Amino acid sequence: MITVEGLTRTYGDFTAVDDVSFACRPGRVTGFLGPNGAGKTTTMRILVGLTPATRGRALIGGHTYHQLRNPARHVGVLLDAGAQHGGRTGREILTLGATAMGLPRSRVDEMLQLVSLTETEARRRLRHYSLGMKQRLGIAHALLGEPQVLVLDEPANGLDPAGIRWMRGLLKDYADRGGTVLLSSHLLHEVEQIADEMILIGHGRVVAQGDKKTLMDSHRGTRAETTHVICLDNDRLAEVLRERGVTVRPHGPGLAAECASVDVGRAAAEHQLVLTDLRAADEGGLEDLFLELTSATQREQPSAGGWAGPPAGPPPGFPPPPAPPTYGGPR
Amino acid sequence: MSHPAPPPPYQPPASTASPAATPGGPGIDLRGTASIPLARLVQVELRKALDTLASFWFVVGLAIIVVGTEVLLTIAIIVQEEPSTPGDYASVASFITGIGLPVLAIMLVTTEWSQRTAMVTFTIEPRRERVLLAKYAVCLVLTIATVLLALVLGFVCAGVCELALPDLTTWEVDWSVIAGFFITQVLAMTLGFALACLLLNTPAAIVGFFVYRLLPLLVFSAIGGFFEWFQDVQPYIDFEVAKGPLYDLSLDSAEELLQLLTSGLLWLGLPLGFGLWRILRAEVK
Ligand SMILES: Nc1ncnc2c1ncn2[C@@H]1O[C@H](COP(=O)(O)OP(=O)(O)OP(=O)(O)O)[C@@H](O)[C@H]1O
Ligand SMILES: [Mg+2]
């Protein structure tokens, strides 16, 4: 439904979007994933005709956006929920949209209800809206024209956990009914849960695409097996493993060892170390893959001084340093 | 917060039930959808021109000033027992709105940028020239409405005078004056619109609008003082002077028409052209 072919956009010497090609199919949610400044928003802006492409083309349902007559009836767009007049009420904003698209006023009430904005909230002016309320209004605006295609830039931005879950359900349901969804995010966990397919972009280039399984399979061969382990004495376990030539690095409250879990278990048993958690690192694999693929463009490079010590409390959020120095290194 | 189950967002139309085997998946069938009619765009833009707090209070303020002035004027005329016609009052109202309305025209364009609503406006109608046309049409609608309101106000004030000074009040309206005012208003609106498109910034365009009318006056008289030959050229590049015959509909020579065209092209055509070109090719953020 969405076809992007060789899309390129340069600003002077800088190439923001570099020969990007991908397709989004109906009935599927496609996640557009990449670190800050990777070119996601720029690609989407080109897709809806707000930014001219330097080269290449982007088609929606076989047409350029410009060719779609009354495009909002076919494509729901949310690029920036804050890009609305602060002096208008939420209801007024939707009413303007509905009028332009040629929809009955009742559609405004339907949409307000859909995104759980109450009547009093809808009468408030946008400048008094919270981030999440703006986002809800933006989603309502995108859905106004009953589009077959949705293009959403970081739709979960500012939504509370319940709101994120609600939106996940909404988009899944939308795709199940035959709609096409392209959504961007730099939050992998978010996309992982919603998207059927993923496009990984870094530095303006598509570095990988496909569904989760394909992505993992195609890169499994190049990646060492990793085990996540938590031990009562992490330092001692790291020492023991390193003596056996295993690369070990800190991971959350425990360690990540580049070997099979059975080897970690055996080493622990031999040295009478108590393990509280031991498992093959698979579910975190996508995150590693993502960081690996986009590492050339990642802003947070590991600092030369090394790692200060295991973080207290829960595992670090995304993104962790791609390759921290070996555990037990310079102190 | 409870989240109700979403109603069906999209029922695939019958035509897409059997997906065609095109490379990019099924296409979108455009036959069922019509373009947004221009009248609807005008309707939306008119609503946008008046539905924000800023524009609402601007219009209310302008109305208060106009009505206040007319009341004072009526009282003054009755007290001093002066003769008056409805046209007199209408001209005063038009004069005041002639300063205020172009500001509204400017805001109609610039707020799309300052409030970043252009992103939404141009995704709903990507043919930007149609949006601009609709906005210009709104300027014309507002101008017509103001001139009509000024006339109504003129007749009301004249009616009041008629009661007080039946002998001094005449009901004759000099329509050429009204027409001249209309033309002037339209030109002022167009200039505001053009500068707004060119600068895309409310304060800059408003300042520009007033500087634009004063600066040529100063510059031309200065140059004319130093170089005598300039006095022959000036009528062809001085829009303020060339506009003169329009006010009272006295434009009758080919020379005057030529002067109006050349100076108009310079002072109105160029900024409008550049402004439209800028918006049509701008990257909207
Ligand atoms: N008009 C412009 N002039 C110069 N550079 C630009 C312009 N627009 C975008 N860029 C650059 O293009 C790159 C891509 O920006 P873009 O907004 O598409 O990133 P993104 O993937 O959406 O990032 P984020 O996740 O932070 O939203 C950035 O480096 C940005 O600075
Ligand atoms: Mg972005």
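We use all heavy atoms of the structure for the numbers below, so side chains are in, but hydrogens, waters and symmetry mates are not. Values in this document were obtained by computation on a predicted structure and should not be read as measured data.
Within 6.0 Å of atom OH in A/Tyr11, more than 12 heavy atoms from other residues, nucleotides or ligands are found, so the atom counts as buried in its surroundings. With a 6.0 Å radius and a threshold of 12 heavy atoms from other residues, nucleotides or ligands, B/Phe95 has its CZ atom at or below the threshold.
For a residue to count as touching a neighbouring chain, one of its non-hydrogen atoms must lie under 4.5 Å from one of that chain's; by this rule A/Leu59 does not touch chain B. Looking at A/Ile60, the atoms closer than 4.5 Å to chain B (heavy atoms on both sides) sit in the backbone and in the side chain alike. Using a 4.5 Å cut-off between heavy atoms, B/Leu41 makes no contact with chain A at all. There is no contact between A/Glu5 and chain B, counting heavy-atom distances below 4.5 Å. In this structure, chain B has no heavy atom under 4.5 Å from any part of A/Phe22. At a 4.5 Å heavy-atom cutoff, the contact between A/His63 and chain B is made by side-chain atoms alone. Proximity to chain B is limited to the side chain of A/Arg127, based on heavy atoms less than 4.5 angstrom apart. At a 4.5 Å heavy-atom cutoff, the contact between A/Arg125 and chain B is made by side-chain atoms alone.
Note that OG1 of B/Thr52 is 9.5 Å distant from CD of A/Glu92, once rounded to the nearest 0.5 Å. Between the CD atom in A/Gln84 and the OG1 atom in B/Thr121 there is a gap of 8.0 Å [rounded to 0.5 Å]. Residue B/Met119 holds its CE atom at 6.5 Å from CZ of A/Arg45, rounded to the nearest 0.5 Å.
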Inset, instruction - Would you sort out whether B/Arg47 and A/Thr95 count as a side chain to side chain contact (heavy atoms under 4.5 Å, CB included), showing the intermediate values? - result: CA-CA 10 Å; B/Arg47 187 169 172 144; A/Thr95 307; 3.7 Å; yes
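Considering only heavy-atom pairs separated by less than 4.5 Å from chain B, the leading option among A/Gly49, A/Ala100, A/Gly145 is A/Ala100. Of all the listed residues (B/Arg128, B/Glu45, B/Glu112, B/Glu125), the one sharing the greatest number of non-hydrogen pairs under 4.5 Å with chain A is B/Arg128. The candidate with the highest count of non-hydrogen atom pairs below 4.5 Å against chain B, out of A/Pro71, A/Ala72, A/Gly87, is A/Pro71.
Proximity of a side-chain donor or acceptor of A/Arg69 to a complementary backbone N or O of B/Leu30 within less than 3.5 Å is detected. Proximity of a side-chain donor or acceptor of A/Arg88 to a complementary backbone N or O of B/Lys48 within less than 3.5 Å is detected. In this structure a side-chain-to-backbone donor-acceptor pair under 3.5 Å is present from B/Arg40 to A/Thr99.
Between B/Arg116 and A/Ala83, the shortest heavy-atom contact is O-CB, 3.3 Å.
Taking 4.5 Å as the limit, every side-chain heavy atom of B/Thr123 sits out of range of all side-chain heavy atoms of A/His141. No side-chain heavy atom of A/His85 sits less than 4.5 Å from a side-chain heavy atom of B/Asp51.
When each of A/Leu50, A/Leu79, A/Thr51 is tested with B/Val284 by the rule side chain to side chain contact (heavy atoms under 4.5 Å, CB included), just one qualifies, namely A/Leu50.
Taking B/Phe193 as the reference, B/Tyr136 meet the ring pair (Phe, Tyr, Trp, His ring centres under 6.0 Å) condition, with sequence neighbours excluded.
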